[in-house]
Peer 1: 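One structure follows; several queries about it will come next.
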Amino acid sequence: MGGWFRIAAVTAAMLAMGGGASAQSPFPSKPVHIFVPYAAGGGVDILARTLGDVVSKAWGQTVVVENRPGAGGVVASQALVSASPDGYTLIVVASGHATNPFLYPKIPYDTFKDFTPISLLASSPNFLLVRADSPFRTLGDMIALARAKPGSLSFGHAGNGTSTHLAGELLKNLARIDINAISYKGGAPAINDLLGGQIPMSFNNGPESVAQLEAGTLRALTVTTMSRAPFLPDVPSMAETVPGYDTEVWWGLLGPAGMPPDLIAKLSHDFVAALNTDTVKDRLGKLGASPIGGSPQQLDTKIRADYEKWGPIIKAAGMKAE
């Protein structure tokens, strides 16, 4: 009888150890879902799918990209914060994540408390575009006319509160000029009207601008970052004419609140490694973007800095989400 009890005890111990090993199986042991807050085909979607393909191969596990557009990212973000903090549900957000609290009077989550920053992924300047035959050869030409004839000029942008809208409002604020903001439902319609001569200029992001710039149908007067873009070294930065001007589109990876530190570290490491592959670098380059690969702390700092930077400008301009 004693022998039977010893065997039973050993068997129970082995089962317990097996159960513990199963509970602590290496991440990921099933498909990982990444939410994209915008429609398929845009810059965020392309970035998420490119990264998803690379980390999927490294993990030996499927990465499923889900497009959940709506309310400038609020719909996808709300879905994320209700998910389990186990790393199997993530989201790639754009810089608008930091400004949504000012554009939407009631959002169903806390921008800081309800998310876990994982990594900054990439960034891209916006461009101030004109037609190839525009009389404006420099940003200084445009500013001179705007000051001589206040309210006579307008710029297109991708919609209220978008990075391209904010880029124009920041220019108005720092250059002290009066130009009219014309809202479109996305950057592509703004480019169409710019090409058609309905507007004299437009702020647009890299992914939707690169093809037109390469074709020579549009010119970039400036890039919106503090320094010139490596892929457009002959195009001046806005700060060369308007001191202190600096803005960009950035993309970051977030999870739900409450993720354990070791899981955060693994996800950050694996996505940064993916950003450093030639596959991702080449794809980003074709979008006019550059990889960053920052730490969770850097992403948290970036979100908070943009929240503080843009809040007063959004309030002063009276911006509300469409």
Peer 1: So, do Leu103 and Met319 sit near enough that their side-chain heavy atoms are less than 4.5 Å apart?
Peer 2: yes
Peer 1: Do Leu171 and Thr224 pass the side-chain contact (heavy atoms from CB on, under 4.5 Å) test, and can you show the C-alpha distance, the side-chain angles, and the key distance before you say yes or no?
Peer 2: CA-CA 9 Å; Leu171 175 61; Thr224 61; over 6 Å; no
Peer 1: Where do Gly186 and Pro189 come nearest, in terms of heavy atoms and distance?
Peer 2: O-CD, 3.2 Å
Peer 1: Run the side-chain donor-acceptor check on residues 259-269: report pairs under 3.5 Å with partners two or more places apart or on a different chain.
Peer 2:
from: Lys266; atom 1: NZ; to: Asp270; atom 2: OD2; distance (Å): 2.8
from: Ser268; atom 1: OG; to: Ile118; atom 2: O; distance (Å): 3.2

Peer 1: Looking at Asp278, is its backbone amide N or carbonyl O close enough to the side chain of Arg283 to form a donor-acceptor pair, meaning the two atoms are under 3.5 Å apart?
Peer 2: no
Peer 1: Would you indicate whether the side-chain heavy atoms of Ser119 and Leu299 approach each other to under 4.5 Å?
Peer 2: no
Peer 1: Under the criterion side-chain hydrogen bond (donor to acceptor under 3.5 Å, both in side chains), which of Asp193, Thr162, Asn192 is the partner of Tyr184?
Peer 2: Asp193
Peer 1: Are any side-chain N or O atoms of Arg131 and backbone N or O atoms of Leu218, one a donor and one an acceptor, separated by less than 3.5 Å?
Peer 2: no
Peer 1: So if you build clusters from Ile, Leu, Val, Met, Phe, Trp, Tyr with side-chain heavy-atom gaps below 4.5 Å, do Phe127 and Leu287 land together?
Peer 2: no
Peer 1: Say whether, by atom type as modelled, one donor and one acceptor occur between the side chain of Asp114 and the main chain of Thr111 under 3.5 angstrom.
Peer 2: no
Peer 1: So do Leu284 and Val280 actually touch side chain to side chain, heavy atoms under 4.5 Å?
Peer 2: yes
Peer 1: State plainly whether the residues Glu248 and Lys302 are in salt-bridge range, i.e. N to O under 4.0 Å.
Peer 2: yes
Peer 1: Check Phe115 against Ser77 and note the closest heavy-atom contact, atom names and distance.
Peer 2: CZ-CB, 3.8 Å
Peer 1: Can you check whether Gly159's main-chain N or O pairs, donor with acceptor, with Lys185's side chain at less than 3.5 Å?
Peer 2: no
Peer 1: Is there any side-chain hydrogen bond (donor to acceptor under 3.5 Å, both in side chains) pair reaching into residues 88-107, and which pairs are they, with sequence neighbours excluded?
Peer 2: Ser29-Tyr88
Peer 1: Would you say that Thr247 contacts Trp310 through its side chain, given a criterion of any heavy-atom pair below 4.5 Å between the two side chains?
Peer 2: yes
Peer 1: Restricting to non-hydrogen atoms, name the atom on Ile182 and the atom on Ser154 that form the minimum distance, rounded to 0.1 Å.
Peer 2: CG1-CB, 3.8 Å
Peer 1: Under a single-linkage definition using a 4.5 Å side-chain heavy-atom cutoff for Ile, Leu, Val, Met, Phe, Trp and Tyr, are Val74 and Val36 assigned to the same hydrophobic cluster?
Peer 2: no
Peer 1: Where the side chain of Ser237 meets the backbone of Val223, is there a donor-acceptor pair that is under 3.5 Å apart?
Peer 2: no
Peer 1: Checking His157 now: which residues fulfil ring pair (Phe, Tyr, Trp, His ring centres under 6.0 Å) with it, not counting sequence neighbours?
Peer 2: Phe155, His165
Peer 1: Would you compute the distance between atom CG of Leu166 and atom CG of Asn173 and round it to the nearest 0.5 angstrom?
Peer 2: 11.5 Å
Peer 1: Test side-chain contact (heavy atoms from CB on, under 4.5 Å) on Arg219 and Ser134 and set out the steps.
Peer 2: CA-CA 9 Å; Arg219 287 188 288 112; Ser134 170; 3.6 Å; yes
Peer 1: Evaluate the side-chain proximity of Leu90 to Leu254: yes if any heavy-atom separation is below 4.5 Å, no if none is.
Peer 2: no
Peer 1: Identify whether Leu129 and Met238 are in the same connected component of the hydrophobic contact network (ILVMFWY, side-chain heavy atoms under 4.5 Å).
Peer 2: no
Peer 1: Quick check for you: to the nearest 0.5 Å, what is the distance between Ser152 atom OG and Leu145 atom CG?
Peer 2: 5.0 Å
Peer 1: Is any side-chain heavy atom of Asn67 less than 4.5 Å from a side-chain heavy atom of Arg49?
Peer 2: yes
Peer 1: Quick one: CE on Met142 to OG1 on Thr241, what's the gap to the nearest 0.5 Å?
Peer 2: 9.5 Å
Peer 1: As a quick check of understanding, evaluate side-chain contact (heavy atoms from CB on, under 4.5 Å) for Val55 and Phe271, giving each step before the final call.
Peer 2: CA-CA 7 Å; Val55 296; Phe271 276 88; 4.0 Å; yes
Peer 1: Closest approach of Gly294 and Val272, non-hydrogen atoms and distance?
Peer 2: O-CG2, 4.3 Å
Peer 1: Do any N or O atoms from the side chain of Glu308 and from the backbone of Ala305 form a donor-acceptor pair under 3.5 angstrom?
Peer 2: no
Peer 1: Could you see if Val54 belongs to whatever hydrophobic cluster contains Leu51? Use Ile, Leu, Val, Met, Phe, Trp, Tyr and a side-chain cutoff under 4.5 Å.
Peer 2: yes
Peer 1: Might you point out which heavy atoms bring Pro236 and Leu221 nearest each other, and give the distance in Å?
Peer 2: CD-O, 3.6 Å
Peer 1: Please lay out, stage by stage, how Ile292 and Leu275 fare under the test side-chain contact (heavy atoms from CB on, under 4.5 Å).
Peer 2: CA-CA 8 Å; Ile292 300 175; Leu275 285 166; 5.9 Å; no
Peer 1: As an exercise, state the distance from CD1 of Ile199 to CD1 of Ile191, rounded to the nearest 0.5 Å.
Peer 2: 9.0 Å
Peer 1: Quick one: does Glu214's side chain have a donor or acceptor within less than 3.5 Å of a partner on Ala211's backbone?
Peer 2: no
Peer 1: Looking at Asp53 and Lys57, is there a salt bridge between them, counting it only when a charged N and a carboxylate O are closer than 4.0 Å?
Peer 2: no
Peer 1: Nearest 0.5 angstrom please: Met201 CE to Ile179 CD1, how far?
Peer 2: 4.0 Å
Peer 1: Might you point out which heavy atoms bring Trp250 and Asp306 nearest each other, and give the distance in Å?
Peer 2: NE1-OD2, 2.8 Å
Peer 1: Is the closest side-chain heavy-atom distance between Lys315 and Phe102 below 4.5 Å?
Peer 2: yes
Peer 1: Kindly say whether Ala40 contributes a backbone atom to a donor-acceptor pair with the side chain of Asp45 at under 3.5 angstrom?
Peer 2: no
Peer 1: Grouping I, L, V, M, F, W and Y whenever their side-chain heavy atoms are under 4.5 Å apart, do Leu194 and Leu128 come out in a common cluster?
Peer 2: no
Peer 1: Looking at Thr225 and Ser227, would you say the former's side chain and the latter's main chain have a donor-acceptor pair under 3.5 Å?
Peer 2: yes
Peer 1: Got a donor-acceptor contact below 3.5 angstrom from the Asp178 side chain to the Arg147 backbone?
Peer 2: no
Peer 1: Would you say that Arg304 contacts Asp300 through its side chain, given a criterion of any heavy-atom pair below 4.5 Å between the two side chains?
Peer 2: yes
